Amino acid sequence: MEAIASQRRRQILRLVWSAERSAGEIASTVRDVSWPAVSQNLRVLKDSGLITERRQGTHRYYKADRRALGPLEVVLRQMWTRDLDRLRELAEEEARARRPRHD
Amino acid sequence: MIEDLTSAIEITQRIEAPPEIVFAYLTDSRRFVTWMGVGAELDARPGGRYRIDVDGEHIASGQYEVVDPPRRLVMSWGWEGHPTVPPGSTTVEITLTPEKDATVLRLRHLGLPDEGERRQHRDGWQRYASQLAGALLDGTPILPSP
């Protein structure tokens, strides 16, 4: 039973890994279990700091808090690598726009 | 200089743009938010402070130690409310080296708590969270009943 619950939590965690999802979206994806079971899993994940909850009106949204999920170095390295890659694209775009055209 | 590399991250990135443009992306709030976070207040001068809203929920903040345009930037770094990496606890150093028409950016994130320190950290949640993460990944149930 616990292993199944753990598998379910893993599934939910994957679901909210890169995007925030509403409780409804999560429930409709994890179809083979009841809403109370999904809700319970969400609470366990939230209490352990693995996901964060945001409330907006009557809706609740969840996403993974990746800082809690792995060695800090890995999380930070991912953050810097991803963000600096974006910086590179933007700076190169601006440099191209400033450069005189050759064609 | 900063010698402790035991718990550091180093990333090198070649950018086809002059250092002046790259430096502007590091220090100008308007340009900064286009590549990192969803909001930023940067007072990029020695002793000035910054606050970055990383994702609408987590705030990174710190103080500029060195602002040497367009070559070098050193600032303290941490997350507000974070148990092991609070503001002021780590250092980010960015150097820009011109190379023909391009810039080589090197970022070093220094002073991160090492694994042992984190394990010893008395704050419960992170330890519990990492145990739980382990359990989630290998399927071993270690969860206490809520």
Side-chain angles (χ1 to χ4, degrees), chain A residues 1-14 17 19-20 40-41 43-54 56 61 63-99, chain B residues 7-18 20-26 31-32 34-37 54-58 60 77 79 82-85 90 92 94 101-103 105 107 109 112-115 118 125-126 128-133 135-143 145-146:
Chain A
M1 278 308 283
E2 266 295 354
I4 294 165
S6 162
Q7 199 177 32
R8 199 65 66 204
R9 282 193 282 274
R10 210 158 44 217
Q11 187 185 357
I12 293 171
L13 201 55
R14 267 200 300 271
W17 184 251
E20 188 182 59
Q40 159 76 5
N41 281 325
R43 201 172 69 227
V44 172
L45 287 166
K46 189 175 67 130
D47 290 348
S48 63
L50 288 170
I51 63 172
T52 56
E53 181 188 78
R54 182 172 67 85
Q56 193 176 346
Y61 298 87
K63 75 169 182 284
D65 186 349
R66 297 200 218 171
R67 296 179 315 169
L69 284 166
L72 188 65
E73 287 84 348
V74 175
V75 176
L76 280 169
R77 186 181 293 279
Q78 279 172 354
M79 178 189 83
W80 286 121
T81 304
R82 185 199 60 207
D83 289 353
L84 288 177
D85 214 45
R86 213 177 300 156
L87 181 152
R88 179 181 57 75
E89 285 171 16
L90 290 159
E92 288 184 350
E93 202 176 302
E94 186 166 331
R96 271 197 303 275
R98 286 196 199 179
R99 221 170 274 156
Chain B
S7 48
I9 292 168
E10 182 163 341
I11 294 167
T12 305
Q13 173 83 274
R14 190 188 151 86
I15 302 171
E16 299 293 331
E20 290 75 16
I21 290 181
V22 178
F23 200 81
Y25 275 89
L26 296 170
R31 284 192 179 86
F32 190 90
T34 60
W35 64 277
M36 181 181 236
V54 177
D55 54 7
E57 196 174 352
H58 300 106
W77 174 279
W79 280 295
H82 195 279
T84 54
V85 190
T90 69
V92 174
I94 299 170
D101 292 337
T103 302
L105 180 153
L107 179 142
H109 198 151
L112 303 174
D114 65 34
E115 201 61 46
R118 283 212 303 282
W125 78 262
Q126 185 147 10
Y128 176 56
S130 66
Q131 283 175 349
L132 177 58
L136 285 163
L137 294 176
D138 66 23
T140 316
I142 47 98
L143 292 173
S145 312

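Here the structure is a predicted model, which means the values were calculated and not measured. Throughout, protein chains are lettered first and strands after them, A, B, ... in sequence-line order, and every chain is numbered starting at 1. Every heavy atom of this structure was used, including side-chain atoms; hydrogens, water molecules and symmetry mates were not.
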Please round to the nearest 0.5 Å and tell me the distance separating atom CD of Glu94(A) and atom OG1 of Thr34(B). 9.0 Å
Specify whether Trp80(A) and Trp35(B) have parallel, tilted or perpendicular ring planes, treating 30° as the upper limit for parallel and 60° as the lower limit for perpendicular. tilted
So, taking the atom named CG in Leu26(B) and the one named CG in Leu84(A), what distance separates them when rounded to the nearest 0.5 Å? 8.0 Å
Not counting sequence neighbours, which residues clear salt bridge (Lys or Arg N to Asp or Glu O under 4.0 Å) with Arg96(A)? List them please. none
Taking the side chain as C-beta and beyond, is there a heavy-atom pair between His109(B) and Arg77(A) under 4.5 Å? no
Interatomic distance, CZ@Phe32(B) vs CG@Leu90(A), rounded to 0.5 Å, equals 12.0 Å
Under 4.5 Å from a heavy atom of chain A, the part of Arg31(B) involved: side chain
Under a 4.5 Å cutoff for heavy-atom pairs, which residue among Glu93(A), Arg98(A), Glu20(A) has the most contacts with chain B? Arg98(A)
Got a donor-acceptor contact below 3.5 angstrom from the Glu92(A) side chain to the Glu16(B) backbone? yes
Run the salt bridge (Lys or Arg N to Asp or Glu O under 4.0 Å) test against Glu89(A) and tell me which residues pass, sequence neighbours left out. none
Ile15(B) and Ala91(A): which non-hydrogen atoms are nearest, and at how many Å? CG2-CB, 4.0 Å
Rounding to 0.5 Å, atoms CG (Asp85(A)) and CD (Gln13(B)) come to a distance of 5.0 Å
